[in-house]
2 protein chains.
Amino acid sequence: MTLDYRHVATWMRDAGPLSDIVISSRVRLARNIKGFQFLSKADAQQKLELLEYIRAGLMNSDLANELTFLKIQDTSPLEREILVERHLISKHLANSQSPGGLALSADESLAVMVNEEDHLRLQAMSGGQQLMETYQRLVKIENILDERIQYAFSPDFGYLTACPTNVGTGIRVSVMLHLPALKLTGQLDKIFRAANDMKLAVRGFFGEGTEPVGDMFQLSNQTTLGKTEIDIINDLISEAVVPVVDYERKAREALMDEKPIELDDKIFRALGVLTNARMIASEEAMYQLSLVRLGINLGRIEGISLETINDLFLFIQPAHLQYMNNSELNPLQRDMARADYIRHRLQQ
Amino acid sequence: MTLDYRHVATWMRDAGPLSDIVISSRVRLARNIKGFQFLSKADAQQKLELLEYIRAGLMNSDLANELTFLKIQDTSPLEREILVERHLISKHLANSQSPGGLALSADESLAVMVNEEDHLRLQAMSGGQQLMETYQRLVKIENILDERIQYAFSPDFGYLTACPTNVGTGIRVSVMLHLPALKLTGQLDKIFRAANDMKLAVRGFFGEGTEPVGDMFQLSNQTTLGKTEIDIINDLISEAVVPVVDYERKAREALMDEKPIELDDKIFRALGVLTNARMIASEEAMYQLSLVRLGINLGRIEGISLETINDLFLFIQPAHLQYMNNSELNPLQRDMARADYIRHRLQQ
């Protein structure tokens with residue numbers, strides 16, 4: 001392994017505003033390099049040149065001390081899976097046969113994917129709702145890189161990207177939301193329809209094309225053209241994040257007021273399963289962890305920290321389980337290792 | 001309440017042979033009184049006379065000091081439900097509009113129903129497999145009563161009873177079996193077919209017409225004519241109880257050998273649910289208790305006694321819950337009281 005994955009990213013320890021519901025904020029900028037073919041038209045040699053050009057640009061910049069640069073092809077399949085589970089690279093990049101790269105800060109709050117769909121995907125992450133701060137941090141990075149790398153930019157369209165939906169600002173801002181009460185009260189569909197009307201995307205825990213697990217939903221902008229980055233972020237916050245957080249809060253209050261025993265029953269049964277199971281599939285574990293997280297947030301469960309639950313969401317994933325067990329595990333062995341790990345962490 | 005129902009019957013504390021699988025043994029003798037109409041033809045006045053005749057016979061006999069006599073019509077609906085839950089009277093007698101009675105020993109190991117289907121139903125119960133001992137105890141009781149009461153008896157047919165299936169010896173012998181491993185390994189159907197071939201009845205926890213709950217099955221003879229009581233009992237033991245106990249033991253061993261983690265997972269999840277639920281329906285509680293009982297018997301769960309589990313099987317029933325809470329409870333309140341009681345007992 002190139003890096004040490006035994007701990008969660010440092011940035012995750014900083015819970016941030018609204019962290020009872022907003023797990024994390026993420027900003028991504030798609031950029032391409034002037035003078036290089038878009039990746040769909042580039043051959044392996046050109047991709048290698050691109051990788052080297054960007055690596056040199058990054059590692060000769062003022063960011064060099066902060067960053068570790070990985071060539072994806074030099075990493076093991078398990079390490080690539082771990083990077084996906086940590087949301088640092090996409091499945092697309094992990095599975096890519098052509099030269100790709102990742103520049104990563106020590107706290108994992110900054111990740112630069114090279115040769116994913118675009119030449120460059122700059123990403124910054126923070127705990128809670130910190131979209132604007134996260135964006136501003138990312139802009140600083142972009143500016144530092146700007147001294148070394150010339151971006152493909154059109155005065156008419158803005159930043160040019162591989163996919164037309166990214167043209168313009170190239171920005172995608174997203175929050176990971178924990179919405180167990182909206183789920184329990186059957187209000188998610190309503191929220192999703194409203195998000196759709198606002199041209200927002202709702203996705204699962206692992207982004208595009210994935211199912212929601214553990215009542216975690218990623219909410220993000222879909223279009224990047226015609227608005228400034230600041231407007232896109234402010235609109236997402238004011239029109240989506242704040243209202244959805246408010247709905248979830250109200251749903252939690254309603255559950256507490258109207259069905260306190262039913263709620264406690266669900267929460268404590270989840271805790272009972274997690275502290276007793278000897279085998280547990282990833283999906284069930286995330287579902288039960290979600291309820292325990294709700295129980296902690298509502299003050300129903302004491303003695304277990306949100307940090308522990310956030311850790312568990314990460315470490316019960318297949319690649320992390322195998323990494324920590326230092327061996328390949330088949331699905332049955334993973335279910336056993338997952339149950340053991342959860343019991344161990346919750347009984348501390 | 002006529003009696004104190006806050007504890008399980010004393011006889012249940014004496015676990016008896018094979019008690020890991022055989023919960024209890026029960027012998028019942030159906031008798032009618034010479035010179036009185038069968039109940040299907042008796043009017044209310046005749047039933048009252050019968051009740052008084054039998055009460056006097058019982059309470060003037062050498063058994064008087066051991067017995068409490070209840071007139072069913074003097075008991076409250078809740079007390080009648082409690083008696084049913086304790087397997088001391090049948091639902092039929094509890095719901096009967098005409099005069100009925102129950103004579104009960106302090107340890108509840110002897111119960112005499114008056115004016116149920118027959119004039120008299122003498123029953124004796126013991127823990128574990130003690131069918132022959134239980135029968136012998138019951139015969140002594142029958143003989144004592146014989147001095148006061150003359151049974152309807154035909155030299156050709158034997159004891160005369162209301163239902164032809166009881167004519168002859170009037171005996172029904174039954175065991176309550178706990179068969180979780182045969183259930184888990186999908187072998188129950190095979191057992192039930194074999195029992196059927198042997199003219200044995202397989203019934204649920206509450207006897208005739210009830211569904212099995214908590215993997216508890218009552219196995220009993222169906223015919224009483226043409227064999228002596230001793231043969232009926234010996235045949236049930238050797239042809240049914242011993243083989244079924246053996247099958248269940250083998251199934252338990254197979255589960256331990258072949259699927260130890262799956263088994264532990266089921267057992268400990270059940271414990272986790274029982275120690276954490278805030279609401280639990282009777283059926284689910286019995287299902288989970290059954291698995292915990294198995295876990296204790298297999299040495300997987302420590303620190304919880306079989307006595308506690310046997311207590312719980314009794315006290316989580318609706319009438320007992322209401323008796324102990326000293327108030328009427330609707331189904332939702334019962335589910336809550338049940339969960340609270342189970343948590344309380346398992347956390348001691």
Side-chain angles (χ1 to χ4, degrees), chain A residues 184 255-256 258-285 287-296 298-304 316 321 325 329-347, chain B residues 184 255-256 258-285 287-296 298-304 316 321 325 329-347:
Chain A
L184 286 173
L255 285 171
M256 293 271 276
E258 293 158 27
K259 300 188 170 184
I261 307 292
E262 285 89 336
L263 183 64
D264 266 10
D265 187 54
K266 278 185 200 297
I267 287 169
F268 284 98
R269 278 175 181 251
L271 185 61
V273 167
L274 291 171
T275 51
N276 284 282
R278 263 51 178 176
M279 298 165 55
I280 193 163
S282 177
E283 208 161 306
E284 187 197 350
Y287 168 78
Q288 309 285 18
L289 283 172
S290 167
L291 288 167
V292 169
R293 192 181 197 278
L294 177 65
I296 296 169
L298 296 181
R300 307 305 302 158
I301 292 177
E302 288 172 357
I304 299 176
I316 63 171
L321 277 179
N325 277 270
L329 303 173
N330 66 33
L332 182 66
Q333 291 168 327
R334 289 207 293 267
D335 287 353
M336 288 160 52
R338 182 177 295 115
D340 288 348
Y341 183 73
I342 293 171
R343 282 207 318 286
H344 171 70
R345 288 297 303 268
L346 292 183
Q347 279 158 9
Chain B
L184 286 173
L255 284 172
M256 293 271 276
E258 292 158 27
K259 299 187 169 184
I261 306 292
E262 284 89 337
L263 183 64
D264 267 10
D265 187 54
K266 278 184 200 297
I267 287 168
F268 283 99
R269 277 175 180 253
L271 185 61
V273 167
L274 292 171
T275 51
N276 282 281
R278 262 56 179 173
M279 297 164 56
I280 192 163
S282 177
E283 208 161 305
E284 187 197 350
Y287 167 78
Q288 309 286 16
L289 283 171
S290 167
L291 287 166
V292 169
R293 190 180 198 280
L294 178 65
I296 295 169
L298 295 180
R300 308 304 302 157
I301 292 177
E302 288 172 356
I304 299 176
I316 63 171
L321 277 180
N325 278 268
L329 303 173
N330 65 33
L332 182 65
Q333 291 168 328
R334 289 207 293 268
D335 287 353
M336 287 161 51
R338 182 177 294 115
D340 288 348
Y341 183 72
I342 294 171
R343 282 207 319 284
H344 172 71
R345 289 297 303 267
L346 292 183
Q347 277 158 12

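Below, chain A is the first sequence line, B the second, and so on; all start at residue 1. Computed from heavy atoms alone, side chains included, the values below leave out hydrogens, waters and symmetry copies.
- The line from CG of B:D340 to CD1 of A:I261 is 7.5 Å long, rounded to the nearest 0.5 Å.
- A:D265 contributes a side-chain N or O that, together with a main-chain N or O of B:R278, makes up a donor-acceptor pair within less than 3.5 Å.
- Contact annotation for A:M279: both backbone and side-chain heavy atoms come within less than 4.5 Å of a heavy atom of chain B.
- Note: A:K266 NZ to B:N276 CG = 15.0 Å, rounded to the nearest 0.5 Å.
- Residue contact with chain B, scored on non-hydrogen atoms closer than 4.5 Å, involves the backbone and the side chain of A:I280 alike.
- Ranked by heavy-atom pairs under 4.5 Å with chain B, the first of A:G272, A:A339, A:A270 is A:G272.
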